[in-house]
Amino acid sequence: MENLLLSLCFPLLLFPVLPPTEAFYLPGSYPHRYGDGDLLSVKVNSLTSIETEMPYGYYTLPFCKPIDGVQNSRENLGELLMGDRIESSPYRFKSYVNETDVFVCSTGPLSKEEARIMKLRIDQVYQVNHILDNLPAIRYTEKGGFRLRWIGFPVGLNFNNVYYVFNHLRFKVLVNKYGDDHAISQASGAIEEGVDVVKSSRTRHNNVTQRIIVGFEVTPCSYRHDIKQMGNLQMYQKFPRGINCDPLSLAMVVKEGEPIVFSYEVSFEDSDIEWLSRWDAYLKMEGSQIHWFSILNSLMVVAFLAAIVLVIFLRTIRRDLTQYEEIDKDAQAEISEEVSGWKLVAGDVFRPPPNADFLCILVGDGVQILGMAFVTVLFAAFGVISPASHGALLTGMLFSYLILGFAAGYVSVKLWRAVSGGERKNWASISWRASCFFPGVAFLVLVSMNSLLWGSQSTGAIPFYLFVILLLLWFFVSVPLTLVGGYFGLKSSSIEYPVRINHIAREIPPPKYPSWLVVIGAGTLPFGTLFIELYFIMSSLWLGQVYYVFGFLLVVMILLVIVCAEVALVLTYMHLCVEDWRWWWQSFFSSGSVAMYILIYCVNYLVFDLRSLSGPVSATLYLGYSFLMVVAVLLATGSVGFLSSFWFVFFLFSSVKLD
């Protein structure tokens, strides 16, 4: 068993010795520098809404398109799975050149369908998302004396059943001037490769002033242009009259048969924000102080409770073992039931449980999911995964899950050999089923949710070719690695039980209370370690807030694993003390029951925090993806509880002399 635990923990032990990276950027990355007058191109992402959770392409609405046509940006798997569709836009600036009253285009008379869709998107509170130099456009509003930050801006507003569109945008670009080598070193994050690139580029540009973009703000306005005075304006020409952008006024009404004229203005402002700090405006959202205080408070309380449970547990076991070892063999036979209840089940404690092969498969899949979570969060906590890399987190999770198929196969087959008494014939079947179970559940959920998104023509729908890619990655990467892991589990040393299994099972005394009630109650303590963090994660997933305190999340995950292990150990010991040797499945569900509380929390979050979620399709999407998350948590925490209980039972019955 010790070899098994070491083999599982060894990959995780390697990561702390890796050299930490500076800030959020990978080695070799460096800021883009722009000289005065250089062309800056704004990109657009999918339209998003917290009321429908279904993204749509930017050009599904009658917005202006670039002169040279819409160009799609290269996207990774994570971006595609998240529904991001990053495309070019007609908004173009000249670096450090202020411009006002710039004409973009006129849509021409809106058709009935175009007007209907735009009004629908306004009612559904869809947000427009612009991107410049990888920074999303951020919008500031004042409310109740507080300055609120928002990513993106609404398509328009519905005021007294009259629909207004925001057709004039006032951009502000914050730039940091490159004036000396010290500034260059700060901007590049002291990364050697970045410094070399910047210095060589600076040599080429000699005395040309270079700047980096450290902020991108937008203020939307609804402005009604006088079409008669426009004449034959071409894109990027200036309006003959000045445009007064007042965010509090509404003027441009959405009507069938009337055109919409789009325009913009841009100003550049010097800022002392450094390159490494340019994401602070996005990461430090309102409520951050409450977030940090709540997390620290939760960690201290849970750590205190876990310490109490651990001390009581160790003292109880040590006293029991000491009393047992001090008596002679004749007295051992006369030990009362109250003192030595767990010793009376020595011949049954390792009796195979029902559906033992399925239990081994669940534990193997749980180890794979838990390893994926730790690896991903660890990389994010050390800054390897950058918020500037759209979809990088989801891509990292996907590939780490595929690679950790080896762990799933190894653990499943290793446990199956122990449970089955060393049988070696069906190891390939166990490995194959371990590689199929959770991916099969995820595939069914994704296909069901995708059918709803396809019917709604949302960009959140996974393209068919991406389904093919995912299936190929699973079949040619995850499945072979799981089989290889199973083969190594087959060839590894078998787990020899310290006691023999009786031929006839010992009768279990009637319980004083239902065992399922204790199992359900056991999930409250693990849930207490993460429910505060869970709120911020859910807000990030469904309310569009930015989450990047992965250092705290890593600590919470470690604490969750410790608490799950302790809860499982205590309940296993309690069951053995009342001569109930059926601890296998109970240890899995005692710690895995935290998933039930997460499911209840998800329903509560839907009812009270997502009250604006509109339509059965949106609610179905939310519940479907929440169910997939709950299954993953069940497998991960259940595997922790089972493996810790298995180690405890093995250690306990190896530490006493039994006839």
Side-chain angles (χ1 to χ4, degrees), residues 4-5 8-9 11-12 353 355-377 397-398 400-416 419 430-446 474 478-479 481-482 485-486 489 519-520 522-523 526-527 529-530 534 537 556-558 560-565 567-568 571 584-602 624-647:
L4 173 61
L5 294 176
L8 295 177
C9 296
L12 295 179
N355 302 314
D357 54 346
F358 185 52
L359 177 61
C360 296
I361 292 169
L362 295 183
V363 174
D365 281 0
V367 170
Q368 184 180 10
I369 294 172
L370 185 65
M372 172 200 70
F374 264 110
V375 170
T376 306
V377 174
M397 291 177 62
L398 176 62
S400 60
Y401 177 82
L402 294 174
I403 295 173
L404 287 171
F406 179 89
Y410 182 88
V411 173
S412 298
V413 173
K414 184 85 172 181
L415 288 176
W416 172 76
V419 172
I430 296 294
S431 300
W432 168 253
R433 290 158 63 187
S435 67
C436 293
F437 177 73
F438 183 73
V441 174
F443 181 78
L444 291 177
V445 172
L446 289 179
W474 168 76
S478 182
V479 172
L481 286 175
T482 307
V519 170
I520 292 177
F527 181 73
T529 68
L530 56 80
L534 185 61
I537 294 175
V556 169
M557 286 183 61
I558 294 174
L560 175 65
V561 170
I562 295 174
V563 173
C564 285
V567 167
L571 287 189
W584 302 76
W585 282 104
Q586 290 175 346
S587 65
F588 182 86
F589 286 112
S590 60
S591 56
S593 60
V594 65
M596 182 191 68
Y597 292 95
I598 294 179
L599 179 61
I600 296 174
Y601 182 88
C602 290
Y625 291 127
S626 298
F627 171 77
L628 184 60
M629 178 182 68
V630 167
V631 172
V633 172
L634 171 64
L635 295 177
T637 55
S639 65
V640 172
F642 174 81
L643 291 176
S644 58
S645 295
F646 190 94
W647 169 85

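Sequential numbering from 1 along the given sequence is applied to the chain's residues. Bear in mind that the values here come from a model prediction, so they are computed numbers and not experimental data.
By the 4.5 Å heavy-atom criterion applied to side chains, Val363 and Phe646 are not counted as neighbours. Annotation: side chain of Ile598 is in contact with side chain of Leu530 (closest heavy-atom distance under 4.5 Å). Counting heavy atoms from C-beta outward, Tyr401 and Thr376 have side chains that stay 4.5 Å or more apart. Here the side chains of Val567 and Val563 are in contact, with some heavy-atom distance below 4.5 Å. When side chains are defined from C-beta on, Leu571 does not count as touching Ser587, because their heavy atoms never get closer than 4.5 Å. A heavy-atom distance below 4.5 Å is not found between the side chains of Phe642 and Leu362. For the pair Leu404/Val367, no side-chain contact is recorded, criterion being any heavy-atom separation below 4.5 Å from C-beta on.
Judged as a side-chain contact (heavy atoms from CB on, under 4.5 Å), and not counting sequence neighbours, the contacts of Ser478 are Gln368, Leu402, Trp474, Thr482. Applying the side-chain contact (heavy atoms from CB on, under 4.5 Å) rule to Ile520 yields the partners Trp516, Met596, Tyr597; only residues at least two apart in sequence or on another chain are considered. Annotation: side-chain contact (heavy atoms from CB on, under 4.5 Å) contacts of Ala568 (sequence neighbours excluded): Ser590, Ser644, Ser645. For Phe589, the ring pair (Phe, Tyr, Trp, His ring centres under 6.0 Å) partners are Trp585, not counting sequence neighbours. Evaluation of the side-chain hydrogen bond (donor to acceptor under 3.5 Å, both in side chains) rule for Ser639 yields no partner, not counting sequence neighbours. With sequence neighbours left out, the side-chain contact (heavy atoms from CB on, under 4.5 Å) criterion links Cys564 to Pro526, Leu560, Ser591, Thr637, Val640. Not a single ring pair (Phe, Tyr, Trp, His ring centres under 6.0 Å) links Tyr601 to another residue, sequence neighbours left out. Contacts of Phe627 classified as ring pair (Phe, Tyr, Trp, His ring centres under 6.0 Å), with partners at least two apart in sequence or in another chain: none.
Here CZ of Phe358 is found 11.0 Å from OG of Ser412. Values are rounded to the nearest 0.5 Å. Distance check: Phe406 CZ to Leu481 CG gives 8.5 Å after rounding to the nearest 0.5 Å. Taking OH of Tyr410 as the start and OG of Ser431 as the end, the distance is 12.5 Å to the nearest 0.5 Å.
Annotation: side-chain hydrogen bond (donor to acceptor under 3.5 Å, both in side chains) contacts involving residues 432-442, sequence neighbours excluded, comprise Asp357-Arg433.
Heavy atoms only, all atoms of each residue included: Met372 and Ser400 are closest at CG-OG, 3.3 Å. Between Leu359 and Pro353, the closest heavy-atom pair is CD2-CG, 4.1 Å.
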Donor-acceptor contacts under 3.5 Å from residues 628-636 side chains, at least two apart:
none

Exercise for review: Could you walk me through whether Trp416 and Ile361 pass the side-chain contact (heavy atoms from CB on, under 4.5 Å) test, one step at a time?
Suggested key: CA-CA 9 Å; Trp416 172 76; Ile361 292 169; over 6 Å; no
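Of the options Val411, Asp365, Val419, a side chain to side chain contact (heavy atoms under 4.5 Å, CB included) to Cys360 is made by Val419 and by none of the others.
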